[in-house]
Amino acid sequence: MYSTFASTADTDALEDHPFLFAQTEDGILSESISHESVRLKAPSPHMVSMSGLNNFYGHFSESTPSSVHYGDTQELSEASAGNFSGREERDGSTSSGYMNGHERSFAPSPLNFAQSAQMSASTDAFTGGSGSARSASKTNANGVSKVPNGIIGLKATTASSRYQDLEINRKDLSGSPGAFSHNSKSSSTPEVSSARFRNSAKDYGKPPGFRANSSIPADMSWPEFARQCILAAENSRLNPFALHHEEYKLLREHITQAQVTTYLNIRNAILRLWTRNPLVYVTMEEAVGCVRDKRYFGLARVAYLWLMRNGYINFGCVAVPNMHDSVRSKIKTNPRRTILIIGAGMSGLGCARHLEGLFASQCTEQGEQPPKLIVLEARPRVGGRVYSHPLRNQSSSTLPNGHRCTAEMGAQIVTGYEHGNPMNAVIRGQLGIPYHGLRDNTILYDHDGTIVEKSRDILVEKLYNDVLERASVYRNKPAVFRTLEGDRNIMLFGRELADNGGATISELENSSAPLPADAKTTASVTEEKPSSGVEKLAGRAYQLSSGFDPNIPAAESVKNMGWPLRPNTNMSQSLDLDPIAKSSDYPTLGQTMDDGINQYQAIVDLKPKDLRLLNWHHANLEYANAVSVNQLSLSGWDQDIGNEFEGEHSEIVGGYQQVPRGLWQCPDKLDVRFKTIVKSIRYKTQSPGKGKAVKVECTNGEVFEADHIVLTTPLGVLKSGSITFEPSLPDWKQDVIERMGFGLLNKVILVYEKAFWEADRDMFGLLNEAEYQGSLEQRDYTSRRGRFYLFWNCIKTSGRPTLVALMAGDAAHYAEATPNDDLIKEVTGRLNKMFAPTPVPLPSETIITRWNKDPFARGSYSYVGPKTQTGDYDVMARPHGPIHFAGEATCGTHPATVHGAYLSGLRAASEVFEHITGPIKIPSPLVEKKVKIEQPPTPSGLAFKHRLEPQSVTQSPNARRLPDEDYEASIIGAILTEIGERPIKPGRAGVNPFLLFTKDYWHICKKECDDARRKATGDPNAKAAKQEVRLAVGLKWRTASVAVRKPYDDITQNARDNATANAATFKDRVAQWDSDATRIREVYIQAHPPPGGMESLMLSSHTAIELGGGKRLRRI
Ligand SMILES: Cc1cc2nc3c(=O)[nH]c(=O)nc-3n(C[C@H](O)[C@H](O)[C@H](O)COP(=O)(O)OP(=O)(O)OC[C@H]3O[C@@H](n4cnc5c(N)ncnc54)[C@H](O)[C@@H]3O)c2cc1C
């Protein structure tokens, strides 16, 4: 029949534990790449000094025409997608360069891109003349050595040789269009010269030749520079216009209001350096080169240290300049610290890499040796829940050369690279792994194999979203953090505010003095987040609209969707979810939504097929949360809302596990001890005195002592108690471990000889029948709805005709308990119905995951259970004495994901580092006093001249640029004066009759509620709670007569009509604006020729405004 599990010819393979993947023990390949995948191509020595990286991913050279994506324009990706061969290669470009379009499966490797540009020149230098893969295990002249598993790694090189490579690279690229058109002296990135590293080594601790402006491209307009910096911050999960609340805490006693803008400009500019090329470590000198005036060196230093500590820059597989050799004489002979990281999943590896980077740069400064970092891993492989299981049959692979055929047992989907996914830098920027962009072109098959009509699917989905939105009313409010904004308008133009010193932020906040009249900032604003949305790992995204009005009666709502109402339905009939939502202390999303669906049945005539469709959506949420919706907290299940990334979802070609392998091996191997199962942890919370603070015992008898440990074992493992603690963990930690949910998702993987499905469709869904055929009861669908509810077609990423069927919710447990043969028989029967009359063959290979049985996972990922409390993810993350915690279940902003796990590792690294080295030291004063102020000539007659800040200070080396910027500013001024701002893409109408009504009736209802409360309490000063007033307004609206509601409905309808009309004409208006702007620019340049004969440059130049660059920013 069909086989389970491949035995493999890969003799290097280590085995994973067999209990995870069904019954057999034979050769589950789980470790290291096969020798085929290390088919080394001649790499470039100039790309980056991480030769291990270049060679590890030998497939980079296998570029196919379809892999090149020069044409895609994706504004958001620009800064982060950036170039990867030289920091400034993409100056002036507006396209992302390598975005992955739907029609093309592979993103070109950035390395590949650079390599093709310089391949011939580079090959020999790197390979010592051979020009091909080498197998010698000795170190060659370039410091390249063959490491035992066939990976080429770089021996510890000196900083200067490392960066000389880079220097060559930059030179090689200088001929490429748009790159380095300026002369090298005024390079947009500071010269990465060996001289610089001589400096940093010799004079470590002193500012080694810092130069203001040296990291600001000399020939770029300020608005364009600003645009890039702002995008870089957005792509780093930071609000470009506001301090992160931790930055706010750090700086509030040291800087003034005006300096917030300056700081943000510097911080964003440092991020720009990093996001443009995450292959290259951003040095302190480069960071300091982002200031325009040397008075701000201190600010830049703080920004740099803060960004680095917190993992916003210099994370992942980046080579850290090695300064230890040159400062060895200074290093004290103190006993070396040891840090143990338990678990080599994404969090553990991310943490270890980041610690390595942090200590490499800082310990030497303090004259200490960097601590010993050891990763203890129970399995014989890295990756944990990221595991790409090699298929038995590797022949006739459709993958690019050098890739193994694998199937994903765990993580599979990268949920968008844009808007701050750290995997963007690692996967695309550093490892250059190809990926396949997924299209949301799901079709749904009904349980009998017929295809569900699209119109019905859409109609039911709208109803589902409506119920989800109504249930979301009970969501907890997100936490609000105190922070401070810079001057957005000034920042958009790349300008800085006049800085005449004055009171610091804290002085201002503590005094009763009002904020400066012209300050556009407020003393406390919340951190801004995009509008709400639900977009997890699911094949479909549920987008909750930010303006949903739950007070619109359900009958009206469904009617607007296109549902026919039952006869005699009153249009004001609605749902009342209060009773169910308030019926218990621990209400769940599932119970509440099901009640909503049941109530909807009184309004519309739902058929069994509608119920099957609705339950398919439930199954989709159960996939995203790894648990039945009936076990999800009503108020907190989507507590991470608003943190979604943007951009298409994708899968990694050849397996996601390449990412943890890359983290483990590049730039050089981390010390991971495999098959080392931790069984007990003994620790001291007080200063340990003699000896180390922690003693870790393993099942193989090994004992490790450490100063700190970072525990990244899954929440399921912590819950199971398989690791003992002495003393026991405190109650606050143990309680949260119990309160949090850890769920289950399983997969049934089916490999065929030939695809019988549409090879170009990435996924298809399958509806399930209720326990009782044709039931109209929600509860009858619970147990079966998740069975094979979604099939991923993994042909393009696994290399062989492979389907991955998901078992979600209760079905995940069913998969765990059902024998393989039964599952395969069942799924084959289902597929046979779907693809009838074509007979579906039995798979040639099958793999079934059983994550609950895996002792090193005990489930799939965390969820917010009914008893989970707000902030519990943060409590999970909180350290206890020398024990630090990381892992996806400690990342409240991005739980249950690979990127969340990775971010938690960065966070834990930063904590350990801070524990050892102390907080960032802020010198006093942080900003030096200004010497003299000069007002630059301001362009006359500009409508916006108030936005231009007085330039301060001594002439900077870049002063020659100012006339050009002013000139550019004059042009944009002329454009804005004549035709106003570029049209902004129209959004929703944004008007809602209930909100308008609320505005008018709030005070009336408030008075009524206050009066009622006073009467009830006898307290003449009693006031009603806001919620009470809200409810009263809602009630008044619901019971208002048609005549009362009419004016509000009319205004709303008008606004909707206008929005629709605006949307229809938007394209034309933009085209008109662009053409007018070009005309005005030309006329202006003819009438006022620019200084220095730069007509053609100015004619072809565009500011951010002309490029519509502010478009997204306006949404922030
Ligand atoms: C089926 C499934 C599908 C998923 N799909 C996606 C997806 O599409 N996209 C996405 O972003 N995320 C997905 N995830 C979630 C993602 O895989 C995890 O969030 C992430 O990999 C967790 O990383 P981690 O480092 O926190 O934990 P892990 O990867 O579990 O790492 C912890 C490590 O600790 C080790 N360990 C455990 N016990 C011990 C011990 N006693 N001693 C020593 N070592 C020990 C384990 O072996 C493991 O290597 C999926 C997960 C599963 C299971």
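When a ligand or atom number is given, it counts from 1 through the structure's own listing order. In this chain, residues are counted from 1 in sequence order. The structure presented is a predicted model; accordingly, all values stated were derived computationally and were not measured. These values consider heavy atoms only, across backbone and side chains, with no hydrogens, waters or symmetry-generated copies.
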Should Arg379 be counted as touching ligand 1, given the test is an N or O pair under 3.5 Å?
yes
Phe725 vs Tyr683 aromatic rings, parallel, tilted or perpendicular, using cut-offs 30° and 60°?
perpendicular
For Val386, the ligand 1 atoms with a heavy-atom partner under 4.0 Å come out as 21 (O)
Number the atoms of ligand 1 from 1 as they appear, then name those within less than 4.0 Å of a heavy atom of Leu376, with their elements.
43 (C), 44 (N)
Inter- and intrachain pairs under salt bridge (charged side-chain N to carboxylate O under 4.0 Å, His left out), touching residues 739-750, at least two apart:
Arg739-Asp872
Report yes or no: does Gln631 contribute a side-chain atom to a donor-acceptor pair with the main-chain N or O of Gly743 at less than 3.5 Å?
no
Have a look at Glu697 and tell me which of Ile677, Val703, Val678 forms a side chain to side chain contact (heavy atoms under 4.5 Å, CB included) with it.
Val703
Is Glu377 paired with Lys675 through a side-chain N to carboxylate O contact shorter than 4.0 Å?
no
So does Ile342 get a backbone contact from the side chain of Thr712, meaning a donor-acceptor N/O pair under 3.5 Å?
yes
Check: Asp707 side chain, Thr338 main-chain N or O, donor-acceptor pair, under 3.5 Å
yes
Relative to ligand 1, is Thr676 under 4.0 angstrom through side chain, backbone, both or neither, heavy atoms considered?
backbone
Does Gly383 come within less than 4.0 Å of ligand 1, judged by its heavy atoms?
yes
Pairs flagged by salt bridge (charged side-chain N to carboxylate O under 4.0 Å, His left out) wherever residues 885-895 is involved - sequence neighbours left out:
Arg385-Glu888
Contact partition for Glu408 relative to ligand 1, non-hydrogen atoms under 4.0 Å:
neither
With nothing but distance in play, are any N or O atoms of Arg385 less than 3.5 Å from an N or O of ligand 1?
yes
Would you mind telling me if ligand 1 is within reach of the side chain of Ile723, the backbone, both or neither, using heavy atoms under 4.0 Å?
side chain
Using a 4.0 Å heavy-atom threshold (strictly under), name the region of Ala896 that reaches ligand 1: side chain, backbone, both or neither.
backbone
Gly786 backbone acceptor or donor facing Glu622 side chain under 3.5 Å
no
In ligand 1, which numbered atoms sit nearer than 4.0 Å to a non-hydrogen atom of Ile342?
43 (C)
Near Ile413, which atoms of ligand 1 are under 4.0 Å from a heavy atom of that residue?
7 (C), 8 (O), 9 (N), 10 (C), 11 (O)
Ligand 1 atoms in contact with Gln412 (distance to a heavy atom under 4.0 Å):
5 (N), 6 (C), 7 (C), 8 (O)
Which ligand 1 atoms are under 4.0 Å away from a heavy-atom of Gly384?
29 (O), 48 (C), 49 (O)
Please answer whether the main-chain N or O of Arg784 pairs with a side-chain N or O of Asn768 as donor and acceptor at a distance below 3.5 Å.
yes
Pair Lys669 + Asp671, salt bridge at N-O below 4.0 Å
no
Please confirm whether Lys679 comes under 4.0 Å of ligand 1, counting heavy atoms of the residue only.
no
Tell me the contacting part of Tyr861 for ligand 1: side chain, backbone, both, or neither, using a 4.0 Å heavy-atom threshold, strictly below.
side chain
Heavy atoms only: which of Pro895, Gly887, Gly343 is nearest to atom 34 (O) of ligand 1?
Gly343
Ligand 1 N/O within reach of Val678 N/O, cut-off under 3.5 Å
yes
Quick one: does Ile677 get an N or O within less than 3.5 Å of an N or O on ligand 1?
no
Below 4.0 angstrom from a heavy atom of Ser347, which ligand 1 atoms are there? Numbered from 1 as shown, please.
24 (P), 25 (O), 26 (O)
